[in-house]
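Indexing begins at 1, ligand by ligand and atom by atom, following the structure's order. Numbers here are sequence positions counted from 1. What's counted below: heavy atoms across the whole structure, side chains too, no hydrogens, waters or symmetry copies.
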Amino acid sequence: MFNRDDYVSDGRWQNFLEVSKGFETPNIFIDLATIKQHFIQVKDSFPYAYFYYAIKANPGVPVIRMLDELGSNFDIASRYELDLVLSLGISPDRISYGNTIKKAADVEYFYSKGVRMFATDSKEDLKNIARYAPGSRVYVRILVENSSTADWPLSRKFGCHPDMAYDLLVLARDSGLTPYGISFHVGSQQRDIGQWNDAIAKTKYLFESLEQEEQIRLSMINMGGGFPAHYIQPTNELSDYASEITRYLHDDFGDDIPMIVFEPGRSLVGDSGILTSEVVLISRKNNTALQRWVYLDAGKFNGLIETLDESIKYPVITTKDGSKEGEVILAGPTCDSADIMYEDFKYRLPLDLKIGDKVYWLSTGAYTQTYASVGFNGFPPIQAYYITENGIEDAAGNKVE
Ligand SMILES: *Cc1c(COP(=O)(O)O)cnc(C)c1O
């Protein structure tokens with residue numbers, strides 16, 4: 001049903017088959033070279049911008065180490081992520097606390113570790129920042145409405161109306177903080193580039209009115225993530241995103257473009273992963289049923305949570321591709337009926353697929369292994385392995401024999 005070539009090159013595929021041989025399934029192999037390539041590409045596409053990798057997308061130590069070496073900064077959402085990044089020797093001035101939902105104790109903790117850049121979208125949170133992180137830079141996340149074109153929307157829960165953002169930035173100044181900028185996230189896997197245009201226009205209005213009415217001169221626009229990985233639904237190339245977004249910025253800000261920050265997650269790591277699952281059972285629900293149920297040892301609870309509502313549609317391939325195919329319903333191994341990956345959208349797999357065969361899920365480097373449950377039904381969390389220049393490492397960065 002899918003052409004492996006469209007997602008993974010021959011060389012990478014052969015190397016993957018070689019190194020993944022003998023590992024118990026389900027597992028995910030992350031190719032660091034692919035992540036490096038994507039990071040260099042996004043940097044080259046936006047030469048004027050700063051990058052804060054949103055580590056929740058794939059917090060594997062080998063990934064963080066490599067992006068650190070390549071000069072990335074880091075967007076952190078919890079004290080646990082903070083501890084991880086600091087433990088790798090990354091300095092707190094390269095870290096931004098991008099989560100608007102946090103406890104006062106978390107703010108205090110980040111401040112005590114040297115972090116001085118905080119996102120907010122509410123008065124109560126801003127008060128905590130003023131109190132526990134005095135003098136820090138704050139940026140306010142605004143709501144961007146139309147997320148129907150994002151496959152994994154991140155709006156609604158985060159951000160506030162621009163009018164409220166205005167008030168919060170005034171309050172920030174009046175509480176001794178540094179009103180630093182505006183942020184937004186147009187939704188993850190955003191296929192409509194025009195979404196950035198609307199968001200940048202709102203940002204421009206805030207920059208202008210705060211300067212004119214309050215003499216507050218903001219410095220930064222943080223555009224979050226949203227750039228796509230390669231799943232089955234087509235998207236524009238990153239170069240199209242870059243040329244359009246750069247044009248929107250010039251349209252609104254002329255030559256006086258503020259500091260621009262991106263927080264890519266999915267677009268950096270998504271394409272790097274191959275999840276290997278094994279067929280546990282194939283059945284039909286009645287003697288003449290046209291569809292087969294294919295149950296795999298990977299499912300919603302161990303790596304494939306983003307199949308929720310069939311939101312992210314991964315390319316799925318088998319070693320028997322090329323033979324005659326039929327429609328399947330793809331489900332996981334647990335005793336929860338929510339553990340069905342695809343039922344409405346019709347995947348087709350070879351008719352000669354057998355129990356014990358391998359089924360490969362491509363583009364599974366983002367939002368997979370750390371999204372797995374710790375042991376639902378006793379199934380352990382899926383293991384991730386990282387293909388580095390020096391061999392295979394586990395998520396903690398230890399060598400694997
Ligand atoms: C998750 C997240 C990102 C990353 O978004 P992607 O669409 O995966 O690139 C960036 N910024 C914030 C604040 C996030 O929560």
Side-chain angles (χ1 to χ4, degrees), residues 30 35 38-39 41-43 45-46 49-60 63-64 67 72-78 80-82 85 94-102 106 110 115 117-122 125 138-144 147 149-160 165 180-193 195-196 199 203 220-231 233 235-236 238 241-242 245 260-273 305-306 311-312 314 363-371:
I30 305 287
I35 301 177
H38 283 29
F39 184 72
Q41 188 192 9
V42 78
K43 261 179 54 168
S45 305
F46 297 95
Y50 295 80
F51 295 91
Y52 284 68
Y53 171 51
I55 79 161
K56 76 172 185 295
N58 189 320
V63 177
I64 297 172
L67 289 175
S72 181
N73 306 295
F74 297 91
D75 173 54
I76 301 297
S78 73
Y80 312 101
E81 285 185 349
L82 178 66
V85 168
R94 289 169 58 201
I95 291 171
S96 151
Y97 193 176
N99 195 344
T100 57
I101 298 159
K102 48 195 173 299
D106 299 329
F110 271 68
V115 175
M117 176 98 91
F118 293 82
T120 193
D121 62 6
S122 69
D125 183 54
V138 290
Y139 57 97
V140 176
R141 180 156 168 182
I142 56 169
L143 273 171
V144 284
S147 285
T149 48
D151 290 331
W152 197 263
L154 284 172
S155 264
R156 260 180 1 98
K157 179 171 173 183
F158 308 103
C160 61
Y180 199 61
I182 303 292
S183 75
F184 56 79
H185 194 307
V186 294
S188 200
Q189 191 72 7
Q190 177 56 263
R191 286 173 285 106
D192 175 15
I193 306 178
Q195 294 299 319
W196 275 270
T203 306
M220 175 194 74
I221 307 176
N222 178 328
M223 300 206 222
F227 300 145
H230 292 97
Y231 304 120
Q233 207 164 1
T235 57
N236 285 288
L238 184 66
Y241 284 75
I245 289 171
I260 300 296
V261 167
F262 289 102
E263 299 172 331
R266 187 186 301 281
S267 61
L268 289 187
V269 296
D271 295 352
S272 72
I305 190 72
E306 285 200 324
S311 302
I312 298 293
Y314 299 101
S363 303
T364 43
Y367 304 118
T368 46
Q369 86 268 19
T370 53
Y371 244 149

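Side-chain contact annotation: Ser267 with Tyr241, donor-acceptor N/O pair under 3.5 Å absent. A donor-acceptor pair shorter than 3.5 Å can be found between the side chains of Ser188 and Arg266.
Residue-level contacts of ligand 1 at the 4.0 Å heavy-atom threshold are Ala54, Lys56, Asp75, Arg141, His185, Ser188, Gly225, Gly226, Glu263, Pro264, Gly265, Arg266, Tyr367.
Taking the six-membered ring where the residue is Trp, the centroids of Tyr314 and Tyr231 are separated by under 6.0 Å.
Residues Lys102 and Phe118 meet the side-chain proximity criterion, which asks for heavy atoms closer than 4.5 Å.
Ring geometry for Phe46 against Phe262 counts as tilted: the plane angle lies between 30° and 60°, on a 0 to 90° scale.
For the residue pair Asn58 and Gly365, the shortest heavy atom distance occurs at ND2-O, 3.0 Å.
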